[in-house]
Structure formats: C-alpha cells, structure tokens
Novice: 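Below you'll find the structure I mean.
In the text below, chain A, chain B and the rest are named by the order of the sequence lines, each starting its count at 1.
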Amino acid sequence: MIITVRQYKEFRRNHQKKSKEDLPKMSIVRSRIVRMLSGAIAPLIDHAHTSSAGSVQVELEIPKIPEHGDFATNVALTLTRILKRNPREIAAHVVEGLKDESGLLERVEIAGPGFINLFVKPAAWHDILREILSDPSGYGRTDLGRGKRVQVEFVSANPTGPLHIGHGRGAAIGDVLSNVLEACGYRVDKEYYINDAGNQMDTLGRSLYYRYQQQIGESFDFPEGHYQGEYMRELAGEFIRESGDRYRKAPLDEVLPVFTAFASERILNGIREDLEAFGIGFDQWFSEKSLHEKDAIRTTIEEMASRDYIYIHEGATWFRSTAFGDEKDRVVIRANGVSTYFAADLAYHKDKFDRGYEMVVDIWGADHHGYVDRMLAGIQAMGRKREDLRVILVQLVNLLRAGKPVAMSTRAGEFVTLREVIDEVGKDAARFIFLTRRTDSPLDFDLDVAKMQSNDNPVFYVQYAHARLCSIFEVAGERGIPCDWLESGNHPPLDALTLPEELEIIKFLGEYPEIIAGCSASLEPHFIPYYLHELVSLFHRYYNRNRIVGDDPELTQARLVMAAAVREVIRNALELLGVDAPRKM
RNA sequence: GCGCCCGUAGCUCAGCUGGAUAGAGCGUCGGACUUCGAAUCCGCAGGCCGCAGGUUCGAAUCCUGCCGGGCGUACCA
C-alpha cells in the first residue's frame with residue numbers, strides 16, 4: 001500500500017465525513033494499520049506545511065525477517081526530506097501518535113535508521129479467515145477502477161492462418177488481465193480486431209485459388225509470397241467438397257472474392273474454436289472492413305487535420321506524429337491514394353474511444369514495438385491523453401521439446417499451432433505457463449515439461465494442493481466432523497490457531513488483495529502464479545508437519561477453517577487465471 | 001547508425017513505483033510414507049545482481065557511459 005501526501009490529505013478530508021469504505025480495500029488487518037499510521041502522520045505533515053511534497057511515498061511492507069515485525073514502514077525515512085529532521089526522531093513522533101483503539105498491536109519498535117516495526121497480536125489475524133470465508137469469490141476484489149470503462153484488445157491475429165503458440169501467450173495474458181481489471185472494479189470488454197481488409201486478404205484468396213486449381217488437376221505454379229501451409233491444402237479440399245470443380249480455369253479476377261471469403265471465414269471460425277478451447281471468449285469481434293465501409297478512415301484523418309496534425313508532402317498524406325514524440329512523421333495515405341494499415345489503426349482507435357471506453361489496453365507482439373510511439377501520438381492527435389492507451393508488448397515464445405528448440409518457419413507455413421499445443425499439454429498447463437513470466441521477458445515453453453504430470457510442472461503443484469484440500473474435507477466428512485459452517489458462515493472459534501506457521505499462512509492470505517491490485521496497476525499478470533506457488537508451498541509444508549483432522553475437536557475445527565480459506569483463495573486465483581481447480585486428480 | 005527490451009545461482013526466471021541479511025523452480029547430493037493424497041515435505045551446496053561511474057542516509061532497483069544478446073527501424077500488412 002502506497003500513499004502519497006496528497007492522498008493523506010484527501011483521506012483526512014474524507015475521513016471526517018465518511019467512513020472506511022473510501023480506503024482502497026486490502027486485508028482487514030493491513031487496512032487497520034494503514035489507517036492508524038495515516039492518523040499518526042497527518043498532523044506531522046500539517047505541521048510542516050508541505051503543500052508541495054506530493055512525491056513522498058509511504059509503504060507498509062512485510063519484512064523478510066520476523067524480528068522486524070509483522071509489518072514495517074519506512075515513513076519516517078521518507079519524511080526526512082520534507083520534515084527536515086532525523087528519521088528516528090520522526091519515527092518516535094509517529095509511534096507516539098498511533099491510536100490503537102481496537103487493541104491490534106502487541107508492540108511497536110523503532111529500528112535501524114528509522115524503520116517502524118509493528119507487531120500484531122496473534123488473535124488479530126484470525127479476522128482475515130472470517131473475511132475470506134464470508135465472501136470467498138469476492139475476496140481480493142476491489143473498487144480501484146471505480147467503474148471505469150476499459151477495453152482490452154488482444155490476439156487480433158490476421159485471419160490468414162491458424163493461431164500459433166505466440167498468439168496463445170497473448171491470448172492468455174489478455175484474458176487474465178481482463179479478469180484482473182474486472183476484479184478491480186473496472187468495466188471491461190474484450191475485443192478481437194479482425195484484419196479482414198487490404199491486400200493480404202487478396203493474397204489469401206489467391207493462395208486458395210491456386211491450391212484449388214492444383215487439386216482439381218490443373219497445373220499451376222504456386223507463386224512466391226503466398227500462404228502455403230498445410231492448412232491451405234485442407235481448405236482447398238473443403239472447397240472442392242462444397243463446390244466441386246465449378247471454378248476450373250475461372251478467371252482469377254472474377255472469382256477471387258469467392259475464394260477470399262471462403263478462406264477468411266473458415267480460418268476465422270477455426271480461430272474462434274481454438275480460442276474457445278483455450279477458455280477465451282470475446283465480447284466483440286471487430287472487423288477492419290467495417291471501418292472502410294463506414295468511411296471511418298477519412299473521417300479520422302479529417303478530424304486530425306482539423307487539429308492541424310495532417311499535411312500533404314510529395315503526393316502523400318502525412319500525420320505529424322513527431323508533435324507527440326514519435327521519431328518521424330507517418331504516412332496515412334500513400335501517393336497512390338491507398339491508405340496505410342496505420343491509418344486504419346488510427347480509425348480503429350478513434351472508434352474505440354468513440355464507443356465510450358475511457359481506457360484502452362492493446363496487447364501486441366513485441367515485434368510491433370516500433371508502432372507504440374506512433375499509436376500514442378495518434379490518440380493524442382484525436383484529443384486523448386497519452387495514458388488513455390496502454391500498450392502491452394508480449395515477448396516471443398520459444399517452443400522447446402525436451403530442452404531442444406522446435407524448428408518453425410512461418411514462411412513455409414510450418415509451425416506448431418496453438419491447437420496442437422492445447423491438445424498435447426492441456427489448456428490449464430498452457431495457460432499457467434504462459435503466465436509465469438513477465439510479459440516483457442521471452443518465454444521458453446517446453447512441451448515435454450508442460451505435459452509432465454509431476455512436480456516439474458507448476459500447474460500440477462498448485463492443482464494438487466487444491467485437490468488435497470478437497471480431500472481433507474472428504475475425510476472430515478467421513479469421520480463425522482461437522483463442517484456446516486462452510487455454508488452457514490458461523491465459524492467455530494479460532495483461538496487454537498497459534499502456531500507461527502499458521503499465522504504465516506493467514507498473513508499471506510491477507511496479502512492476496514494487494515497482489516491483485518498490483519497486477520491491475522502494472523498490467524502484469526505473472527504475480528498471480530508466483531503468489532499461488534508460494535501460498536501452496538506454505539500449505540504443503542504445513543500439511544506435512546501438522547495434522548489438520550486430529551484428535552482435538554476444537555483444534556481440528558479451527559484448522560479446517562484455515563484450510564477452507566486457503567482452498568478458497570487458491571480457487572479464486574485459479575479462476576482469475578482461467579485454470580481449473582480440480583477436486584480430484 | 002538510431003530506437004525499444006533484456007543481462008540476477010549450473011539452467012529457467014522472480015524481485016526493478018529505491019530500504020534492513022538478494023529469492024523460487026529445475027538440476028546435484030542426502031533424508032521423510034503402518035497416521036488427513038509422497039503429483040508432497042525437509043536438508044546441503046550454489047551469487048563482485050554484465051562492467052564502470054553517478055544520485056542517495058541507503059541502489060539488483062533511479063541516471064550516464066561501455067560490453068553482450070533479442071527485436072524494430074517502409075508511401076508492407
């Protein structure tokens with residue numbers, strides 16, 4: 001949790017008339033401490049009259065070493081600059097000002113250069129379990145987005161061939177980011193942009209035409225620069241089954257639209273099916289052709305021209321993108337009168353904002369990074385703020401088998417498709433692995449590892465924990481241990497949960513909302529798999545050392561409550577990832 | 001040439017909106033199942049965080065330069 005000075009002041013204003021709902025949601029223990037610290041710090045800042053100190057940030061972190069407390073804050077250190085006093089002295093003032101009305105804290109220490117270490121009473125943690133179980137699927141959800149309308153556009157592969165593994169990574173990231181943003185209170189739509197216009201479509205149609213003529217026995221040389229993957233042969237076969245040899249030797253110019261339409265429609269359907277198998281659905285499939293039909297490119301350029309960002313040079317129409325920091329201006333209409341792909345993209349983004357989205361997230365392959373600056377320039381020329389568009393660049397996926405690269409050539413149409421990967425390793429493993437790296441970082445995807453149903457495979461590690469937890473409740477049921485609180489919400493007393501490793505798990509459960517909020521702020525989903533791994537690891541270790549269903553009824557009940565909370569958070573996180581949480585494996 | 005991204009343990013990577021002793025998985029080696037699922041757990045070993053400066057009370061984290069790798073650099077889509 002990070003608060004700026006400005007936020008402190010805002011918080012204080014709000015706090016006087018409203019209650020705690022205005023604080024960003026976090027674990028109940030953490031939010032109480034933040035509130036307490038805010039209360040202690042505000043007077044110090046007021047006293048110093050530091051209106052221009054908005055850059056000071058305060059952080060409440062969990063120290064690595066237990067001796068440093070359950071939480072630690074460096075406020076005193078960061079306040080040194082604006083208060084112009086030594087940090088330990090400031091820390092003392094902060095500590096003095098803490099009002100622990102609910103008796104949350106066991107003790108508070110000032111340590112090192114001026115850290116404030118806070119020790120929470122063990123019993124205070126138990127509230128986190130109650131909080132989780134009172135609304136398991138709502139846990140971790142926040143209202144950071146405040147209903148802001150966001151569009152996430154991803155995959156958007158050209159309908160000229162099946163999706164490959166790189167698209168799969170972008171798909172997983174886009175889908176999960178959408179889930180995360182939604183969990184953080186944004187209103188999210190997922191969209192796929194179909195590049196169904198331009199000469200690549202003609203190329204696609206011709207590719208099918210040539211294959212078709214070949215397969216019905218005409219001798220045609222297959223020209224360079226066309227799509228010649230195996231899928232084109234299959235398409236030609238389908239075409240023959242439906243239309244026979246009706247188009248034998250038909251003049252290309254006359255029948256090309258037939259072939260183009262057939263090919264793009266079939267391929268797009270295939271893409272839809274593959275994405276569905278990957279657990280991904282879109283709210284909108286947006287056709288580039290529809291932009292041309294609406295004359296949207298012309299309108300867009302006109303609007304930009306009205307703001308003086310368009311000029312003519314050597315017969316071409318240019319966008320003055322350098323006005324917004326692009327390295328050179330860009331052509332939108334070529335001298336031959338044909339608009340560029342970029343022009344369509346500008347019109348598309350204008351359309352997005354016209355539809356009412358306040359923020360737009362584009363997920364692109366990293367090889368498109370050269371387009372970021374011009375696109376950002378573009379939306380600014382339409383009167384949008386730079387930060388209204390967030391472009392996520394997804395790095396390459398290197399496909400491996402047993403540690404060795406799988407040779408792929410897009411040119412020759414030889415590549416491993418997403419569908420093949422899903423069929424081979426399963427949706428869950430593929431999604432999880434795609435999400436275990438920062439989007440910025442290239443990813444080695446080893447098919448053999450992903451397929452392994454063992455501890456080499458991070459998905460199974462997590463799913464196993466979930467299945468194990470489910471199994472514990474089955475055993476409890478068999479032994480006649482009442483767990484009706486799972487439904488009723490009347491949880492048994494938790495006083496028996498006193499072991500350090502129990503409190504450690506509960507504390508970690510309490511961090512989950514922060515993790516999700518962090519994903520949403522950074523638009524990086526990889527924190528979730530890492531969090532899950534750590535949570536599950538804590539649980540497995542605990543499980544191996546302690547008996548949950550044991551002889552002491554009260555202890556058993558309390559531990560079952562904790563187990564239930566762990567299970568719910570695992571399930572909650574896996575749901576965000578679009579990965580199944582199996583009861584049995 | 002210019003621009004963007006990346007250099008952290010043997011390998012693959014977290015940590016990067018600056019904080020106290022830099023982490024995980026895999027791999028090596030050695031241990032734990034008559035007891036809730038051993039697809040699990042425990043332990044050992046492993047590091048000038050690419051190099052050099054700078055800012056700071058404090059730098060893996062921010063700035064500059066260099067080295068190494070990837071990508072981009074069209075009146076292509």
Novice: Please work out if A:Val475 contacts a base, only the sugar-phosphate, or nothing of the nucleic acid, heavy-atom cut-off 4.0 Å.
Specialist: sugar-phosphate
Novice: Under 3.5 Å, is there a donor-acceptor pair between the A:Tyr227 and A:Arg206 side chains?
Specialist: no
Novice: Strictly by modelled atom types, are A:Asp362 and A:His349 linked by a side-chain donor-acceptor pair under 3.5 Å?
Specialist: yes
Novice: Can you tell me how the ring of A:Phe539 sits relative to the ring of A:Tyr543, calling it parallel under 30°, perpendicular over 60° and tilted otherwise?
Specialist: tilted
Novice: Scan nucleotides 60-64 of chain B against the protein and return all N/O pairs shorter than 3.5 Å with their distances rounded to 0.1 Å.
Specialist:
none

Novice: Which pair of non-hydrogen atoms, one from A:Lys328 and one from A:Arg330, has the smallest distance, and what is that distance?
Specialist: O-NE, 3.3 Å
Novice: Any salt bridge linking A:Glu502 with A:Lys507? Criterion: basic side-chain nitrogen under 4.0 Å from a carboxylate oxygen.
Specialist: no
Novice: A:Ala72 has a side chain; which of B:C75, B:G25, B:A20 sits nearest to it?
Specialist: B:A20
Novice: Please tell me which of the listed nucleotides, B:C41, B:G25, B:C36, lies nearest to the side chain of A:Arg541?
Specialist: B:C41
Novice: Which parts of nucleotides 11-16 of chain B does protein reach within less than 4.0 Å, heavy atoms only, written one letter per nucleotide 5' to 3' as B for base, S for sugar-phosphate only and - for none?
Specialist: -SSSSB
Novice: How long is the span from the OH atom in A:Tyr348 to the OG1 atom in A:Thr300, to the nearest 0.5 Å?
Specialist: 13.0 Å
Novice: Give me each pair satisfying side-chain hydrogen bond (donor to acceptor under 3.5 Å, both in side chains) with a member in residues 434-444 of chain A, each pair once, sequence neighbours excluded.
Specialist: A:Asn398-A:Asp444, A:Thr439-A:Glu524
Novice: Can you confirm if the NZ or CZ of A:Arg320 lies within 45° of the ring axis of A:Tyr309 and under 6.0 Å from the centre of its six-membered ring?
Specialist: no
Novice: Can you name the atoms? Protein N/O to nucleotides 67-71 of chain B N/O, anything below 3.5 Å, with the distance.
Specialist:
unit_1	atom_1	unit_2	atom_2	d
B:C71	O2	A:His369	NE2	3.4

Novice: Please state the C1' separation for the pair B:G50 and B:C5 - nearest whole angstrom.
Specialist: 16 Å
Novice: Can you list the residues that meet the salt bridge (charged side-chain N to carboxylate O under 4.0 Å, His left out) rule with A:Arg298, with sequence neighbours excluded?
Specialist: A:Asp295, A:Glu302
Novice: Stem ranges for RNA chain B, with three or more consecutive Watson-Crick or G-U pairs under 3.5 Å?
Specialist: B:1-7 with B:67-73, B:10-13 with B:23-26, B:29-32 with B:40-43, B:50-54 with B:62-66
